[in-house]
Amino acid sequence: MARVALSAALFTFVAGFTSALTIDERHAPVVRASLVRLSTITNTSNIVAQDNARLSKFKAGSEFVATGSGTAVNEVVTYIVKTVVGSQTFNLIVDTGSSNTWVGANTKYTPGSTSQSTGQTVSVTYGSGHGNEYIDLVSIGGEAVKQSIGVATSSNGFGGLDGILGLGPEGLTQNTLPTFMQNLLSQGKISTNVLGVSFAPLSGSASQASNGELTFGGVDSSRYTGSITFTNAIAPYWGVSPNQFKIGSVSLLGSASGIVDTGTTLIYIPSFVFTEFLLGTGGRSDSSTGLVKYRKKPSANFSFVIGGTTYTLAPDQYLVPAAQYGNFGLTSGAFYAVVADGGVQSPNMILGMSFLEYYYSVYDSTNNRIGLARAR
Ligand SMILES: *[C@@H]1O[C@H](CO)[C@@H](O)[C@H](O)[C@H]1NC(C)=O
Ligand SMILES: *[C@@H]1O[C@H](CO)[C@@H](O)[C@H](O)[C@H]1NC(C)=O
């Protein structure tokens with residue numbers, strides 16, 4: 001009860017304090033953290049299995065969504081941020097689809113001089129059992145805040161990573177409140193509750209690269225071109241509502257319920273759009289890879305419209321690059337799309353990493369909106 005009251009009070013303070021500020025990197029201070037993009041996948045079916053487990057959790061309205069939940073597959077495609085907790089360094093998954101911060105999945109958390117047990121247990125949805133709540137100094141990009149964390153007592157599906165940095169909307173959070181973003185703001189490290197996310201595709205045949213960046217408290221204008229267009233965020237996730245789709249010259253009207261999610265690998269589109277996507281691009285669902293497969297390279301662009309703004313992916317942006325086939329267990333002589341069927345039930349569209357590598361994304365809690373701009 002006490003924690004709920006505290007967070008409500010904090011939210012009021014935050015909203016009152018920052019409403020006059022616009023998001024711009026000139027409104028220092030901002031905190032920057034570089035990312036590592038890692039893929040340890042050996043078979044694309046495992047990406048699909050993990051994404052589908054996650055999508056089912058979203059559809060079930062589960063408050064806790066964790067990468068790896070519902071599957072024992074120990075392979076990951078993810079963006080990782082180095083996070084110091086107390087005196088230990090953890091590799092955490094960057095996750096805008098959940099809001100709790102968790103450690104201890106691989107490297108065990110050892111309580112130190114800065115840690116304080118709250119005596120509370122918190123539910124863990126990956127693996128089995130429960131975790132324990134601690135408050136400790138959590139530091140990213142050189143700035144430390146006092147933060148409540150969940151310490152996993154058991155977990156699976158993390159592929160050797162240590163946990164999650166939850167960057168979802170604060171309304172999604174259960175336990176471990178306030179969120180890391182709220183603490184950065186209330187502890188004076190940033191002046192507006194805005195997160196900018198820059199992802200970039202792996203180049204050549206690399207399976208790992210230092211190629212992304214988080215900007216806490218603003219955006220990094222060197223990471224996108226043109227301007228950022230904003231749309232109201234639809235609770236409880238970082239939700240968006242596209243209402244028009246285009247595959248080549250075919251236009252479709254109809255609404256989708258989408259989530260901008262850094263923890264999903266592929267791009268999921270509603271079934272009614274997916275059917276047209278297969279027709280318009282000349283692909284078929286391939287059971288052995290779980291992906292859409294083509295004999296001939298498709299030429300149709302795929303677009304969708306949110307709030308009057310069109311977001312387009314050209315074939316080279318929705319196909320797995322040939323140089324990456326080795327990392328995905330794919331064989332040459334065919335083409336594969338990173339676009340999959342999101343089903344009918346809401347949410348039925350996920351803008352995952354494969355989309356976010358071409359679009360810079362902005363998560364603005366202060367103004368309850370989501371921004372997208374073409375990545376540079
Ligand atoms: C990948 O996994 C799927 C499902 O388990 C299997 O059918 C397929 O043969 C596997 N592919 C490779 C290249 O091992
Ligand atoms: C496809 O999209 C790309 C990138 O947005 C654009 O440059 C190109 O003109 C589009 N092609 C067609 C046929 O619309």
Side-chain angles (χ1 to χ4, degrees), residues 39-56 68 70-77 156-157 159 198-201 203 205 207 223-229 242 244-252 265-267 269 273 276-341 351 354-361 371-376:
S39 170
T40 62
I41 291 284
T42 57
N43 181 333
T44 52
S45 296
N46 295 338
I47 298 180
V48 176
Q50 285 189 333
D51 275 2
N52 281 334
R54 193 173 168 87
L55 183 58
S56 313
T71 164
V73 174
N74 216 30
E75 296 183 352
V76 291
V77 179
N156 65 16
S198 167
F199 283 176
S203 60
S205 59
S207 60
R223 300 274 175 159
Y224 60 87
T225 59
S227 55
I228 300 169
T229 50
Q244 198 180 332
F245 300 84
K246 211 170 169 195
I247 300 115
S249 57
V250 176
S251 260
L252 292 173
T265 305
L266 305 178
I267 298 162
I269 58 179
V273 184
E276 290 298 328
F277 180 82
L278 292 181
L279 285 173
T281 59
R284 63 177 176 82
S285 292
D286 176 48
S287 59
S288 85
T289 59
L291 302 180
V292 175
K293 185 175 180 178
Y294 304 88
R295 285 182 190 288
K296 185 171 156 281
K297 188 175 175 180
S299 59
N301 279 356
F302 171 64
S303 311
F304 55 89
V305 179
I306 305 174
T309 303
T310 302
Y311 301 93
T312 299
L313 293 173
D316 283 335
Q317 298 173 325
Y318 65 71
L319 294 174
V320 179
Q324 286 287 320
Y325 283 13
N327 290 331
F328 291 88
L330 296 171
T331 47
S332 58
F335 299 88
Y336 299 91
V338 293
V339 177
D341 186 356
L351 302 177
S354 300
F355 175 78
L356 299 171
E357 290 176 347
Y358 295 101
Y359 285 90
Y360 187 84
S361 53
L372 293 169
R374 242 186 208 287
R376 199 187 282 277

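For ligands, and for the atoms within them, numbers begin at 1 and follow the listed sequence.
- The protein heavy-atom contact nearest to atom 9 (O) of ligand 2 is Asn301 ND2, 4.8 Å.
- Side-chain contact annotation: Thr312 with Tyr359, donor-acceptor N/O pair under 3.5 Å absent.
- Checking only distances, Arg374 does come within under 3.5 Å of ligand 2, N or O to N or O.
- Protein heavy atom at the shortest distance from atom 13 (C) of ligand 1 is Gly329 O, 4.0 Å.
- Protein heavy atoms are found less than 4.0 angstrom from atom 2 (O) of ligand 1.
- Using bins of under 30°, 30° to 60° and over 60° for the plane-to-plane angle, the ring pair Phe302/Phe245 lands in the parallel bin.
- Panel note: side chain Asn327, backbone Ser205; a donor-acceptor pair is recorded below 3.5 Å.
- Side-chain atoms of Gln317 come within 3.5 Å of backbone N or O of Ala314 as a donor-acceptor pair.
- Of the protein's heavy atoms, Asn43 ND2, 3.5 Å lies nearest to atom 14 (O) of ligand 1.
- By the 4.5 Å heavy-atom criterion applied to side chains, Tyr325 and Tyr336 are counted as neighbours.
- Between Ser288 and ligand 1, no pair of N/O atoms sits closer than 3.5 Å.
- Inside a 4.0 Å radius of atom 11 (N) of ligand 2 there is at least one protein heavy atom.
- For atom 7 (O) of ligand 2, the nearest protein heavy atom lies 4.0 Å away or farther.
- Taking both residues in full, the closest heavy atoms of Leu372 and Tyr311 are given as CB-CE2, 3.6 Å, listed atom of the first, atom of the second, then distance.
- A donor-acceptor distance shorter than 3.5 angstrom exists from the side chain of Asp51 to the backbone of Leu266, with no hydrogens or angles considered.
- Contacts between Lys246 and ligand 2, counted as non-hydrogen atom pairs separated by less than 4.0 Å, are absent for every part of the residue.
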